[in-house]
2 protein chains.
Amino acid sequence: MSNENIYNPHVSVDCVVFGFDGERLKVLLIERNITEQNELYNDKKLPGSIILQDENLDEAASRVLNELTGLKNIYLSQFRSFGGPDRTKNPRDILWLENTMQLKIGRIVTVAYVALIKIDRKIQVKYENTQANWYDLNEMASMNLAFDHAEIIKKGLDHIRHQLDVEPHLLFELLPKKFTISQLRILNDVVHQTRSDVRNFQKKVAQMSYLVMLDEVEDGVPHRAARLYKYKK
Amino acid sequence: MSNENIYNPHVSVDCVVFGFDGERLKVLLIERNITEQNELYNDKKLPGSIILQDENLDEAASRVLNELTGLKNIYLSQFRSFGGPDRTKNPRDILWLENTMQLKIGRIVTVAYVALIKIDRKIQVKYENTQANWYDLNEMASMNLAFDHAEIIKKGLDHIRHQLDVEPHLLFELLPKKFTISQLRILNDVVHQTRSDVRNFQKKVAQMSYLVMLDEVEDGVPHRAARLYKYKK
DNA sequence: TTTTATTATTGTTTAAAATACAATAAGATG
DNA sequence: CATCTTATTGTATTTTAAACAATAATAAAA
């Protein structure tokens with residue numbers, strides 16, 4: 001079809017965008033509505049799409065994430081590709097793809113990216129009928145996800161856990177600009193699946209020269225307010 | 001062309017296979033001979049090729065590596081994809097692809113794999129005109145490599161360095177079945193780009209319950225022979 | 001104002017791991 | 001037997017990680 005000149009329908013990108021709500025890790029998903037035999041069916045998918053012919057993979061990921069969520073200047077990092085011949089075999093997915101893309105779709109190899117962002121960033125959808133929302137990672141099991149997106153999310157989570165071991169500074173991408181040491185500790189524990197000691201954690205933090213204590217405390221808590229810090233590399 | 005039914009000419013796999021010769025890390029490359037305007041031109045490429053339509057990525061990597069090197073039962077692990085629209089723009093590469101594949105080739109996204117193997121494994125090429133050899137990683141800079149294979153090798157090396165931090169047991173894939181502690185230490189230093197202390201390393205080794213001391217010593221050295229060990233998980 | 005409840009903040013002791021450092025033993029060769 | 005080369009081994013020190021609880025600050029309730 002004519003779109004083949006613009007799109008490369010054999011390769012796509014998908015973005016696994018993580019956020020942190022103060023207690024748990026969340027992932028950003030797009031609502032998908034499919035009418036199948038006059039029944040409205042609703043499920044979720046990762047922000048992703050096929051690439052353009054004249055576009056490298058990183059550019060494609062940034063573009064697609066922006067088109068579907070309005071997010072800009074997000075540091076996306078490629079972590080894995082998924083390309084089994086069966087990943088585009090679900091009739092519901094095929095139907096949706098052909099409706100959305102106006103293209104005959106065969107096998108698609110997708111290149112997956114992860115990003116860590118502050119959960120309060122504004123999500124602004126550009127197309128009607130599209131909606132993007134944060135979902136709890138613990139609820140993935142009971143959620144209807146398109147294609148092999150459940151597997152992609154799981155692998156993405158594995159990847160950031162490793163990545164945050166290697167580059168601990170990336171943690172601060174998930175926190176608000178001003179945060180308390182408790183927030184940092186809870187996030188750290190969620191990511192590493194540990195329960196760290198409050199005093200020992202404080203000691204570690206004291207050695208982080210890139211952590212700047214502010215002259216402010218948190219607001220709106222019904223008890224003693226904690227001091228705020230910011231990250232400065 | 002008719003091969004499109006069998007091959008998926010938009011996606012390929014490439015294998016970065018590492019070996020260790022006792023002193024340095026090596027990578028396995030395929031010789032490539034191209035006749036260009038009656039001039040014979042010689043360079044190297046990674047073992048890799050486009051995938052089949054009905055084949056997942058891991059299977060494709062195993063198949064292609066076997067076809068080009070005779071290696072079987074190699075643990076290949078995917079580490080990154082490369083898909084810039086310019087990666088198949090070199091006329092020499094285009095010519096070679098179309099001659100070899102009998103296909104009109106456009107843009108190809110390649111999914112790259114790494115493997116660690118014992119350098120004494122038999123390499124047996126199945127096609128005439130093809131040859132596979134080990135090359136020193138330190139000589140990459142002065143070597144003619146096809147496509148973006150220089151970059152892929154560099155990223156592959158980065159990847160195994162990280163991977164070996166996380167799973168140190170993978171080191172033993174690179175050593176012969178029986179090895180000395182010196183060999184293990186030198187390999188470890190090459191991989192981590194360190195110079196470890198002989199005594200401290202011995203101490204670490206003593207705690208590795210999966211290292212079995214054999215009742216044998218190395219052979220053919222013009223000085224005191226070192227004891228041999230084997231790895232047993 | 002006082003009491004109560006809730007979370008914030010802070011040190012010390014002990015155990016484990018990493019580092020620095022060199023003398024002696026074993027075997028090969030002439 | 002003397003010499004050369006590499007293998008093998010221990011101790012002291014520093015650094016890092018882990019275990020463990022009392023007091024301070026503030027908000028809310030009495």
Side-chain angles (χ1 to χ4, degrees), chain A residues 20-24 161 164-169 171 175-231, chain B residues 20-24 161 164-169 171 175-231:
Chain A
F20 176 64
D21 70 354
E23 294 186 6
R24 296 170 178 290
R161 288 194 155 131
L164 286 168
D165 278 339
V166 179
E167 299 182 62
H169 286 215
L171 266 189
L175 288 173
K177 288 225 173 94
K178 301 173 180 182
F179 51 86
T180 67
I181 301 296
S182 272
Q183 287 176 303
L184 177 58
R185 180 172 48 78
I186 291 167
L187 171 57
N188 193 66
D189 280 350
V190 166
V191 166
H192 293 95
Q193 299 180 284
T194 52
R195 274 166 178 270
S196 60
D197 177 85
V198 182
R199 276 172 291 183
N200 291 337
F201 189 80
Q202 205 76 231
K203 243 180 295 178
K204 234 182 250 170
V205 154
Q207 295 176 172
M208 299 178 179
S209 55
Y210 47 86
L211 220 53
V212 180
M213 184 192 280
L214 299 174
D215 213 22
E216 280 177 81
V217 293
E218 61 181 339
D219 197 33
V221 285
H223 53 77
R224 176 178 177 186
R227 184 156 232 123
L228 290 171
Y229 289 75
K230 71 174 182 181
Y231 170 73
Chain B
F20 175 64
D21 70 354
E23 294 185 7
R24 294 170 179 288
R161 288 195 156 131
L164 286 168
D165 277 340
V166 178
E167 299 183 62
H169 286 215
L171 266 188
L175 288 173
K177 287 224 174 96
K178 301 173 180 182
F179 51 85
T180 67
I181 301 296
S182 272
Q183 287 175 304
L184 177 58
R185 180 172 48 78
I186 291 166
L187 170 58
N188 192 65
D189 279 350
V190 166
V191 166
H192 293 95
Q193 299 180 284
T194 51
R195 274 165 180 273
S196 60
D197 177 85
V198 182
R199 276 171 292 185
N200 291 337
F201 190 79
Q202 206 75 231
K203 243 179 298 178
K204 232 182 250 172
V205 155
Q207 296 176 170
M208 298 177 180
S209 56
Y210 48 87
L211 219 52
V212 180
M213 184 193 279
L214 300 175
D215 213 22
E216 279 179 83
V217 294
E218 62 180 337
D219 198 33
V221 284
H223 54 77
R224 175 180 177 185
R227 185 158 230 120
L228 290 170
Y229 290 75
K230 70 173 182 182
Y231 169 73

**Study point:** Selected nucleotide, minimal atom distance to K203(A) side chain, candidates dG27(C), dT7(C), dG11(C)
**Key:** dG11(C)
Check your understanding: Once you round it to whole Å, what is the distance between P of dA26(C) and CG of D219(B)?
Key -> 20 Å
**Study point:** Check: V191(B) main-chain N/O paired with R161(B) side-chain donor or acceptor under 3.5 Å
**Key:** yes
Check your understanding: When the distance from CD of Q202(B) to P of dA22(C) is rounded to whole Å, what number comes out?
Key -> 18 Å
Check your understanding: Can you find an N or O donor on one side and an acceptor on the other, under 3.5 Å apart, linking the side chain of R227(A) with the base of dA8(C)?
Key -> no
Point to revise | Nearest-Å distance for atom pair CG/P, residues L184(A) and dA8(C) | key: 13 Å
Exercise for review: Would you indicate whether the side-chain heavy atoms of R227(A) and I181(A) approach each other to under 4.5 Å?
Suggested key: no
Check your understanding: Taking the side chain as C-beta and beyond, is there a heavy-atom pair between L175(B) and Y231(B) under 4.5 Å?
Key -> no
Revision key, fill the gap. Chain B reaches DNA chain D, atoms under 4.0 Å from its heavy atoms, from dT5(D) to dT11(D)
Review point. For the pair made of CZ in R224(A) and C1' in dA8(C), what is the distance, rounded to whole Å?
Key: 4 Å
Point to revise | Length of the line joining R185(A):CZ and dT10(C):C1', which is rounded to integer Å | key: 14 Å
Quiz: residues 200-214 of chain A side-chain donor-acceptor pairs under 3.5 angstrom, not counting sequence neighbours:
residue : atom : partner : partner atom : Å
N200(A) : OD1  : K203(A) : NZ           : 3.1

Practice item. Starting from P on dA8(C), measure out to CZ on F201(A) and report it in whole angstrom. Key: 13 Å
Exercise for review: Round to the nearest Å and state the distance from E216(A) atom CD to dA8(C) atom P.
Suggested key: 17 Å
Check your understanding: Is there side-chain contact between H192(A) and D165(A), with heavy atoms separated by less than 4.5 Å?
Key -> yes
Point to revise | Between dA8(C) (P) and L228(A) (CG): distance, integer Å | key: 12 Å
Check your understanding: Say you draw a straight line from CG of N188(B) to CG of L164(B); how long is it, rounded to the nearest 0.5 Å?
Key -> 8.5 Å
Study note, to complete from the structure: By nearest-nucleotide position on DNA chain D, the 5'-leaning member of Y229(B) and P222(B) is P222(B)
Check your understanding: So what does S182(B) touch, heavy atoms closer than 4.0 Å: a base, only the sugar-phosphate, or nothing?
Key -> sugar-phosphate
Exercise for review: Give, ordered by number, those residues of residues 187-199 of chain B having at least one heavy-atom distance below 4.0 Å to an atom of DNA chain D; if nothing qualifies, reply none.
Suggested key: V198(B), R199(B)
